[in-house]
Asks: 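Got a structure for you, questions after.
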Amino acid sequence: MIDYETSLNDEQLKVVFESDGYALVLAGAGSGKTRTLVYRVAYLLERKGVQPSEILLLTFTIKAAKEMLSRVNELLGSNFSTSSIWGGTFHHICNRILRKFAPRLGYPQNYVIIDDEDTKAILAQCIRDVNKDKLKSFPNAGFFSYLKGISANTLVPWEDILRNDFEEYAQFFYPIKDVFSLYYERKKEAGLVDFDDLLLLTYRLLRDFSDIRCFYGEKFRYILVDEYQDTSKLQACIVDYLASAHNNLLVVGDDAQSIYSFRGATVENILSFPQRYPNAKVFYLNKNYRSTPEVVYLANASIENNVRGFQKQLMAVFEDRGEDPLVVRFGSAEDEARFIAEQIELFLDEGVPASEIAVLFRASYHSAKLELSLAHRGLDYIMRGGIRFFEQAHIKDVLAYLRVLYNPKDAVAWQRLLCMYPGIGPQTARKLFLAFSGRDIFEIEAVKFGSLSKKAQKAVDRIKDMFCSIRDLSLYDACRYVLENGYWDYLRDNFDDYVERQEDLIYLLEFLKGYSDLEALFSDIGITENFRKGFSLEERNCIVLSTIHQAKGLEWQVVFVMGVVDGQFPHSKSLKIDSGIEEERRLFYVALTRAKKHLIITAPSVGFDYRFNGYFSRNSSFIDELPRDGYRELVMA
């Protein structure tokens with residue numbers, strides 16, 4: 001018999017014992033929600049006699065589901081087995097349902113699931129077949145994939161999303177419609193389903209076929225959903241249908257940590273839960289087992305500025321008081337990066353493991369100067385959920401022009417640069433490089449080719465003009481010229497996430513402001529690119545650099561939150577709408593609550609954006625709204 005009373009606190013016990021019916025568990029950061037879910041499943045099996053096959057556990061990763069069910073097995077021992085519990089992600093569970101009933105919708109039971117790459121390949125072929133006239137600025141396959149996914153998850157017709165959010169593509173309405181029609185037709189004929197289909201087709205089965213809805217409604221006596229604040233409207237509707245027979249639905253989440261609207265998630269699911277189910281019980285897990293009272297106090301004070309949300313207060317379990325969080329203001333991003341690197345060295349000298357130190361930021365490009373500072377000091381780091389700034393494809397693309405200026409014999413840079421132009425493939429690029437190699441970079445305008453295609457010759461002429469135009473410019477102006485004379489278009493046409501990559505490149509411009517010669521630039525970049533390669537992540541006790549989105553669910557002894565400046569964090573786009581600024585504040589809250597002991601918030605007072613005439617200076621609203629007694633302040637002029 002499990003000793004629930006000894007293993008759980010009073011808040012957790014209430015959830016485990018009293019959450020029959022519709023129940024919402026508002027689980028604050030570090031409050032033990034996973035533990036609570038594990039014991040709730042064990043309680044259903046051990047005390048209530050529920051059959052494992054009658055339980056549905058929905059999580060957002062397969063790993064999370066396996067971990068929870070493994071812990072249930074450990075609690076119950078050999079007397080119970082969780083193997084017949086339906087546990088997994090929404091896509092995993094929907095696939096099981098769709099495999100049984102796909103023929104109802106005209107799909108074979110042995111349909112093949114295609115991944116994102118295959119989806120885009122089919123879309124790309126459909127685009128070629130529809131856009132035979134090769135209309136300029138026609139959206140690429142990545143855009144179609146994104147539009148399709150957002151439409152599915154929000155249950156909003158793609159036509160409305162296009163009209164409201166993508167005015168630049170409104171002129172292509174009918175060709176876009178034809179591409180989608182062709183895509184769905186070909187996919188269905190071939191017996192293929194994509195990831196969005198797994199959810200959307202299951203939703204249609206449950207909505208349109210009452211016998212299927214009743215079958216699964218009766219099957220699942222108890223449904224538990226983790227991270228409910230991250231569900232989309234589509235996912236919430238699927239859950240509602242599955243719970244419609246027994247009405248035992250337990251959802252766990254924290255509205256203060258809803259940060260994935262860009263994926264189609266909506267905080268409305270968790271906020272409106274008590275209204276959708278008037279008899280729903282609401283439980284609170286407010287005891288924080290992660291952070292010091294000082295960190296908890298500051299996090300509470302920050303999120304209280306959100307107008308929409310459940311009123312709740314995290315309470316630190318640890319009574320030992322730590323030091324107050326530190327807010328440090330700087331005159332420049334270079335000073336900020338230097339300070340963080342120096343402080344990390346001090347923490348390491350005090351015995352803090354490198355893996356217990358994290359630097360969090362709003363967007364990946366914020367890390368560029370910090371990466372350089374860490375590499376110069378020999379401090380090893382990993383970029384969680386991404387690659388280092390100077391190793392990204394679009395950064396390398398633009399820097400290729402500067403590399404050729406620096407060393408006209410740089411075969412790698414030439415190959416990269418040349419292959420970005422229409423009509424030039426790898427073989428032609430090699431031929432051109434051999435012709436250009438060894439010459440003064442500006443003599444290439446004298447090179448003539450008689451065997452090139454018209455498209456390739458046109459590309460060569462563009463390249464000649466490019467180098468003639470940037471030869472006498474500063475590094476900043478040369479990079480800006482490359483961006484504004486072709487690369488922005490190349491970026492849009494070749495990268496699905498081109499908007500985010502644009503921000504990286506704008507930051508690259510700022511980075512180049514600090515350099516007057518190519519030798520210093522490429523010496524520094526070389527240090528960051530080659531630093532401590534060849535170690536597996538398991539072998540490395542490394543400092544962690546991460547976007548806040550990637551850091552959710554994790555924790556460290558020492559957390560730096562950098563770049564907290566209006567326009568940067570909160571992001572400039574969010575400042576235009578109330579819902580946007582509230583999600584940004586939730587993101588800030590997530591960042592603060594990753595810290596167990598030491599929290600340092602850094603704020604360079606000077607930002608940069610060439611679209612707004614260079615440098616600007618802005619206060620941080622997120623810092624300004626914090627209680628003055630909640631942190632220490634240091635100004636590094």
Asks: Is it the case that S621 and D566 place a side-chain donor and acceptor less than 3.5 Å from each other?
Replies: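 Judged by distance alone, the side chains do pair up.
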Asks: Kindly say whether V307 contributes a backbone atom to a donor-acceptor pair with the side chain of E582 at under 3.5 angstrom?
Replies: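 Yes, E582 side chain to V307 backbone: donor-acceptor pair under 3.5 Å.
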Asks: Are N269 and T231 linked by a side-chain donor-acceptor pair shorter than 3.5 Å?
Replies: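 Side-chain D/A pair, N269 to T231: present.
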Asks: Please say whether the positively charged group of R585, taken as NZ for Lys or CZ for Arg, lies over the ring of F622, i.e. under 6.0 angstrom from the six-membered ring centre and within 45 degrees of the axis.
Replies: no
Asks: Strictly distance-based, threshold 3.5 Å: is any side-chain N or O of R163 a donor or acceptor partner for the main-chain N or O of A170?
Replies: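 No.
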Asks: Which pair of non-hydrogen atoms, one from G264 and one from S232, has the smallest distance, and what is that distance?
Replies: O-CB, 3.4 Å
Asks: Flag the pair R71 and E67 as a salt bridge only when some basic side-chain nitrogen lies within less than 4.0 angstrom of an acidic carboxylate oxygen.
Replies: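 Yes.
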Asks: Just so I know, are the side chains of D504 and S364 near enough to count as touching, which here means a heavy-atom distance under 4.5 Å?
Replies: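 Of all side-chain heavy-atom pairs linking S364 with D504, at least one is under 4.5 Å.
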Asks: With the side chain counted from C-beta on, respond yes when Y216 and Y241 share a heavy-atom pair under 4.5 Å apart, and no when they do not.
Replies: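 With C-beta onward as the side chain, the pair stays apart.
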Asks: Return the minimal non-hydrogen interatomic distance between G21 and N248, and the atom names on each side.
Replies: N-OD1, 2.7 Å
Asks: Scan side-chain atoms only and decide if D178 and Y183 contain a donor-acceptor pair under the 3.5 Å cut-off.
Replies: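 Per modelled atom types, D178 and Y183 side chains form no pair under 3.5 Å.
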Asks: Does the salt bridge (charged side-chain N to carboxylate O under 4.0 Å, His left out) test come out yes or no for D230 and R263, once each step is laid out?
Replies: CA-CA 9 Å; D230 294 331; R263 297 180 184 170; over 6 Å; no
Asks: Can you see which heavy atom on I270 is nearest to which on D254, and at what distance?
Replies: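 That closest heavy-atom pairing would be CD1-N, 3.8 Å.
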Asks: Out of D116, D194, D197, which residue meets the salt bridge (Lys or Arg N to Asp or Glu O under 4.0 Å) rule with K148?
Replies: D194
Asks: Grab the two heavy atoms, one from D129 and one from L182, that are nearest each other, plus how far apart they are.
Replies: CB-CD2, 4.1 Å
Asks: Regarding N73 and T82, is there a side-chain donor-to-acceptor distance under 3.5 Å anywhere?
Replies: yes
Asks: Do E11 and S31 make a side-chain contact, defined as non-hydrogen atoms from C-beta onward lying under 4.5 Å apart?
Replies: no
Asks: Grab the two heavy atoms, one from E46 and one from Y4, that are nearest each other, plus how far apart they are.
Replies: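 In terms of heavy atoms, the two residues are closest at OE1-OH, 2.8 Å.
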Asks: Hey, is the main chain of I127 close enough, under 3.5 Å, to the side chain of N131 for a donor-acceptor pair?
Replies: no
Asks: Are more than 12 heavy atoms from other residues, nucleotides or ligands located less than 6.0 Å from atom CD of Q275?
Replies: yes
Asks: Tell me whether the count of non-hydrogen atoms from other residues, nucleotides or ligands lying under 6.0 Å of NZ in K14 goes above 12.
Replies: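 At most 12 heavy atoms, drawn from other residues, nucleotides or ligands, come within 6.0 Å of this atom.
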Asks: Would you check if the side chain of S181 reaches a backbone N or O of K177 as a donor-acceptor pair within less than 3.5 Å?
Replies: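 Such a contact is found between S181 side chain and K177 backbone.
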Asks: If the threshold is 4.0 Å, N to carboxylate O, is there a salt bridge linking R308 and D255?
Replies: no
Asks: Give the C-alpha distance, both sets of side-chain angles, the deciding distance and a yes or no for side-chain contact (heavy atoms from CB on, under 4.5 Å) between L45 and L76.
Replies: CA-CA 9 Å; L45 296 170; L76 295 173; 3.7 Å; yes
Asks: Can you find a heavy atom in the side chain of Y260 that is under 4.5 Å from one in the side chain of H549?
Replies: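 With C-beta onward as the side chain, the pair touches.
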Asks: What do the steps show when you test V179 against F138 for side-chain contact (heavy atoms from CB on, under 4.5 Å), and what is the final call?
Replies: CA-CA 11 Å; V179 170; F138 194 78; 4.3 Å; yes
Asks: Using salt bridge (charged side-chain N to carboxylate O under 4.0 Å, His left out), reason through E268 and K233 one step at a time and then give a plain yes or no.
Replies: CA-CA 9 Å; E268 294 302 322; K233 184 175 181 180; over 6 Å; no
Asks: Just checking, is any N or O donor in the side chain of E503 or H571 under 3.5 Å from an acceptor N or O on the other one?
Replies: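 Side chains of E503 and H571: pair found under 3.5 Å.
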Asks: Can you check side-chain contact (heavy atoms from CB on, under 4.5 Å) on M68 and T34, steps first, answer last?
Replies: CA-CA 7 Å; M68 288 186 195; T34 300; 4.0 Å; yes
Asks: Please verify the inter-ring angle class for Y277 with Y22; under 30° counts as parallel, over 60° as perpendicular, anything in between as tilted.
Replies: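 Ring orientation, 0 to 90° scale: parallel.
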Asks: State whether a side-chain donor-acceptor pair under 3.5 Å links D20 with Y222.
Replies: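 Distance-only check passes for D20 and Y222.
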Asks: Give a yes or no answer on whether the side chain of Q550 reaches the backbone of T547 with a donor-acceptor pair at less than 3.5 Å.
Replies: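 Between the backbone of T547 and the side chain of Q550 there is no qualifying donor-acceptor contact (under 3.5 Å).
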Asks: Could you check whether any side-chain heavy atom of Y39 comes within less than 4.5 Å of a side-chain heavy atom of S7, counting everything from C-beta outward?
Replies: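 Touching, per the 4.5 Å side-chain cut-off.
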Asks: Could you check whether any side-chain heavy atom of F273 comes within less than 4.5 Å of a side-chain heavy atom of L249, counting everything from C-beta outward?
Replies: yes
Asks: List the steps and the verdict of side-chain contact (heavy atoms from CB on, under 4.5 Å) for V590 and L592.
Replies: CA-CA 6 Å; V590 168; L592 301 184; over 6 Å; no
Asks: Between Y203 and D208, do the side chains contain an N or O donor and an N or O acceptor separated by less than 3.5 Å?
Replies: no
Asks: Check this for me, if you would: do D211 and R104 make a salt bridge, where the nitrogen-to-carboxylate-oxygen distance has to be below 4.0 angstrom?
Replies: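 Looking at D211 and R104, the cut-off is met.
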Asks: Does any non-hydrogen side-chain atom of I114 lie less than 4.5 Å from one of K187?
Replies: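 Of all side-chain heavy-atom pairs linking I114 with K187, at least one is under 4.5 Å.
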Asks: Any side-chain donor paired with an acceptor under 3.5 Å for Y228 and Q235?
Replies: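 Result is no, nothing qualifies.
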Asks: Which atoms form the tightest heavy-atom contact between S261 and E583, and what is the distance?
Replies: OG-OE1, 2.9 Å
Asks: Determine, stepwise, if the pair W158 / F173 fulfils ring-ring contact (aromatic ring centres under 6.0 Å, His included).
Replies: CA-CA 10 Å; W158 67 262; F173 178 86; 5.5 Å; yes
Asks: Please determine whether the number of non-hydrogen atoms from other residues, nucleotides or ligands lying under 6.0 Å from atom NZ of K219 exceeds 12.
Replies: yes
Asks: Where does the angle between the aromatic ring planes of F495 and Y490 fall among parallel (under 30°), tilted (30 to 60°) and perpendicular (over 60°)?
Replies: perpendicular
Asks: Strictly distance-based, threshold 3.5 Å: is any side-chain N or O of R290 a donor or acceptor partner for the main-chain N or O of T593?
Replies: yes
Asks: Is the closest side-chain donor-acceptor distance between Y111 and N95 under 3.5 Å?
Replies: yes
Asks: Would you find a donor on one side and an acceptor on the other, under 3.5 Å apart, between the side chain of T36 and the backbone of Q12?
Replies: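 Absent.
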Asks: Could you tell me whether the side chain of D240 and the main chain of C237 form a donor-acceptor pair under 3.5 Å?
Replies: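 A pair under 3.5 Å: no.
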Asks: Do E18 and R40 meet the salt-bridge criterion of a basic N to acidic O distance under 4.0 Å?
Replies: no
Asks: When you measure from the centre of the six-membered ring of W556, is the NZ or CZ of R594 closer than 6.0 Å and no more than 45° off the axis?
Replies: no
Asks: Does the side chain of L250 come within less than 4.5 Å of I223's, by heavy atoms?
Replies: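 Side chain of I223 against side chain of L250, heavy atoms only: no contact under 4.5 Å found.
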Asks: For the pair T89 (side chain) and I62 (backbone), establish whether a donor and an acceptor sit closer than 3.5 Å, ignoring hydrogens and angles.
Replies: no
Asks: Distance alone, cut at 3.5 Å: any donor-acceptor contact between the side chains of H394 and R501?
Replies: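 Distance-only check passes for H394 and R501.
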Asks: Is it true that the NZ or CZ of R35 lies under 6.0 Å from the centre of Y289's six-membered ring and within 45 degrees of the ring axis?
Replies: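 The answer is no, since R35 fails at least one limit relative to Y289.
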Asks: Regarding D10 and K287, does a basic nitrogen lie under 4.0 Å from an acidic carboxylate oxygen?
Replies: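 Salt bridge between D10 and K287, a charged N being under 4.0 Å from a carboxylate O: no.
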Asks: Would you call E584-R362 a salt bridge at under 4.0 Å N-O?
Replies: yes
Asks: So if I apply the ring pair (Phe, Tyr, Trp, His ring centres under 6.0 Å) rule between F144 and each of Y169, F166, F180, which one comes out positive?
Replies: F180
Asks: With a 6.0 Å cut-off on ring centres, are F17 and Y43 close enough?
Replies: yes
Asks: Could you tell me whether a side-chain N or O of E54 sits under 3.5 Å from a main-chain N or O of F220, the two making a donor and an acceptor?
Replies: no
Asks: Could you check F588 against F569 for ring-ring contact (aromatic ring centres under 6.0 Å, His included), going step by step and ending with a plain yes or no?
Replies: CA-CA 8 Å; F588 187 56; F569 188 22; 5.8 Å; yes
